[in-house]
Amino acid sequence: MDVSYSDRLQKLPPYLFADLRRKMAEARRRGVKVLRIDIGDPDSPAPDPVVRELIRAIDDKEDPFRHRYGCDVPAEAFPEAVRSFYQRRWGVDLGGGQVVTTMGSKDAIVKLALGIMNPGEIGVAPQPGYPTYNIGHVFAGGSTYYVSLRKENGFLLDFEEIPADVRRAAKILWINYPNNPTTATATLEFFERAVEFGRRNDILIAHDSAYSENTYDGYVAPSILQVDGAADVAVEFFSLSKAFSMTGWRAGCVCGNPSAVRALQAVKENIDNGTLRAVQFAAARALNLAEELIPPINEIYRRRRDVVVDALNAAGWNLEKPQATIYVWAPVPEKYASAKSPSGAFVEELLEKTGVMVTPGRGYGPAGEGFFRISLTYPDDVLKEAMDRIIGIKE
Ligand SMILES: Cc1ncc(COP(=O)(O)O)c(C=O)c1O
């Protein structure tokens, strides 16, 4: 039997990286030493105290629930740690508001769409941007209206660009700062505008805060929930993945607008059975030790960011150092400007000639064209060698 993909799966845009993966395999077969610096998945392990807490909790014979469905036996320690973290970190009192324990943000982004969107409805998402916002809309039977993020606006979403008919129809608007892939940051004033836009147009504002803790040079990323009355119209997705090098653990939370939070929780109750209790305890430990655990992780990314940006700038790139995220977002060299897809042409040639694999901007939608993304989740010596190779093909 050969089952066919559902219509909804077929509606997803083609996986742009499949072709690059094939090219990477071919290059390897030719004996090229491929250096990947494209994927944003931390290379360092989760911090020791978090690992120790996981081991303690999974083998805690005093806890009869340790191997049970996580949804039925929530570890109160996690929502408590989230409340304390929001209070310490942003001065936000989550009060009696529900904290949804998620299996990381990706999963929850799709589940929120499933919980609030009907077939034919619209969600608004940034472009270039994380593809999962659109995937959620499509799986819910809806579609996406994209708003371009432009360099001249500091890659901030311009709410004025959203036409009146889209404002009337849209159910949800996604924003993400610090931003993947552009590395842009937003001020609290931007979040105030977002909340105001949501309130005026009756659109749920969903802030994806996946990189709020990956910050450098004293920059502190705000939370949308700091805005007065934000919970009337906004939800925030927080993830432990990048903040604590815990991508594989699948741990995060969603807080804010009570009806959106309830819808997400209801979808989860119907689809997943929650997060392993030991992961909940370990994630709580991470948040409770955030002030101690996060700075050493960020110091590694800051050092690598400097290696990458200094090398590119020495070769004439003229980049500012990103204050946040685990990426560097850079324009492709001028000589590719006339190609049909400058970022595609650059990335393919880079792979062919040097074996270095970066992410083409067009992978984040047409508005990402003209740029490429480097991830700082690779060892310093790999990044250094990759920079030497990239610089060699610039001219
Ligand atoms: C913008 C953004 N949001 C969400 C995620 C999902 O992270 P996780 O599901 O691990 O929390 C990522 C991961 O790369 C991301 O870049």
Side-chain angles (χ1 to χ4, degrees), residues 36-51 53-54 70 75 78-79 81-82 85-86 89 99-112 129-133 135-136 174-183 185 206-216 221 223-224 235-255 264 268 272 274-276 278-302 304-305 322 324-327 359 364 373-378:
R36 296 196 67 163
I37 54 168
D38 54 329
I39 305 286
D41 192 352
D43 57 328
S44 45
D48 281 343
V50 181
V51 174
E53 177 64 0
L54 179 90
F78 182 67
V82 171
F85 180 70
Y86 263 83
R89 175 71 176 77
V99 173
V100 181
T101 303
T102 63
M103 296 170 165
S105 296
K106 186 175 191 175
D107 174 276
I109 287 167
V110 174
K111 284 175 179 159
L112 177 63
Y130 188 55
T132 307
Y133 314 131
I135 293 170
W174 293 94
I175 48 177
N176 160 229
Y177 294 99
N179 182 259
N180 176 22
T182 69
T183 76
T185 56
H207 179 233
D208 174 359
S209 178
Y211 299 95
S212 65
E213 304 315 295
N214 300 109
T215 59
Y216 316 107
S223 155
I224 197 167
V235 277
E236 186 156 78
F237 288 63
F238 180 81
S239 169
L240 281 84
S241 287
K242 316 289 164 113
F244 296 96
S245 299
M246 289 171 67
T247 44
W249 297 53
R250 315 312 299 131
C253 60
V254 174
C255 313
L264 171 61
K268 282 177 60 65
D272 68 56
T275 305
L276 178 70
V279 170
Q280 298 181 44
F281 280 114
R285 182 108 178 109
L287 289 177
N288 289 335
L289 295 178
E291 290 80 355
E292 176 190 320
L293 301 181
I294 291 174
I297 295 174
N298 285 346
E299 180 49 25
I300 295 172
Y301 293 132
R302 188 208 52 78
R304 293 175 180 173
R305 174 203 67 173
T325 78
I326 52 176
Y327 306 112
T359 311
Y364 302 95
R373 193 195 78 173
I374 291 170
S375 169
L376 303 173
T377 57
Y378 296 86

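Keep in mind that this is a model prediction, so the values were computed, not measured.
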Does a side-chain heavy-atom distance below 4.5 Å link [X] with [Y]?
| X | Y | result |
| --- | --- | --- |
| S375 | I37 | no |
| Y216 | E299 | no |
| V82 | T101 | no |
| T325 | N214 | no |
| Y378 | D41 | no |

* Please confirm whether the backbone N or O of N180 pairs with a side-chain atom of Y364, one donor and one acceptor, at under 3.5 Å? => no
* Checking R305 side chain against L376 main chain: does a donor-acceptor pair fall under 3.5 Å? ->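 No, because the side chain of R305 does not come within donor-acceptor range (under 3.5 Å) of the backbone of L376.
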Considering all heavy atoms, the nearest [X]-[Y] contact:
| X | Y | result |
| --- | --- | --- |
| S241 | P42 | O-CG, 4.1 Å |
| G70 | Q280 | O-NE2, 3.4 Å |
| S245 | P45 | CB-O, 3.7 Å |
| I294 | A243 | CG1-O, 3.9 Å |
| A283 | M246 | CA-CE, 4.4 Å |
| V254 | T102 | CG2-CG2, 3.7 Å |

Check salt bridge (charged side-chain N to carboxylate O under 4.0 Å, His left out) between [X] and all other residues, then give those that pass, not counting sequence neighbours.
| X | value |
| --- | --- |
| D38 | R36 |
| D43 | R304 |
| E292 | none |

* What residue pairs, at least two apart or across chains, pass salt bridge (charged side-chain N to carboxylate O under 4.0 Å, His left out) with a residue in residues 100-110? ->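 Non-adjacent pairs meeting salt bridge (charged side-chain N to carboxylate O under 4.0 Å, His left out): D107-K111.
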* To do: If a pair satisfies salt bridge (charged side-chain N to carboxylate O under 4.0 Å, His left out) and one of its residues is in residues 235-252, list it, with sequence neighbours excluded.
  =>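 Salt bridge (charged side-chain N to carboxylate O under 4.0 Å, His left out) check on residues 235-252 returns no pairs.
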* Asked: Is it true that R89 and E213 have a side-chain N and a carboxylate O under 4.0 angstrom from each other?
  -> yes
* Structure fact -> Taken in chain and number order and not counting sequence neighbours, the residues that satisfy side-chain hydrogen bond (donor to acceptor under 3.5 Å, both in side chains) with T182 are N179
* Only counting residues at least two apart or in another chain, list the ones meeting side-chain contact (heavy atoms from CB on, under 4.5 Å) with A282. =>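 For A282 the side-chain contact (heavy atoms from CB on, under 4.5 Å) partners, ignoring immediate neighbours, are V50, E53, L54, W249.
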* With sequence neighbours excluded, what pairs up with A81 under the side-chain contact (heavy atoms from CB on, under 4.5 Å) test? ->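 side-chain contact (heavy atoms from CB on, under 4.5 Å) check on A81 returns A284, L287, N288.
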Taking ring pair (Phe, Tyr, Trp, His ring centres under 6.0 Å) as the test, write out the residues that go with [X], two or more places apart.
| X | answer |
| --- | --- |
| F238 | F85 |
| F281 | none |
| Y130 | Y133 |
| Y327 | Y211 |

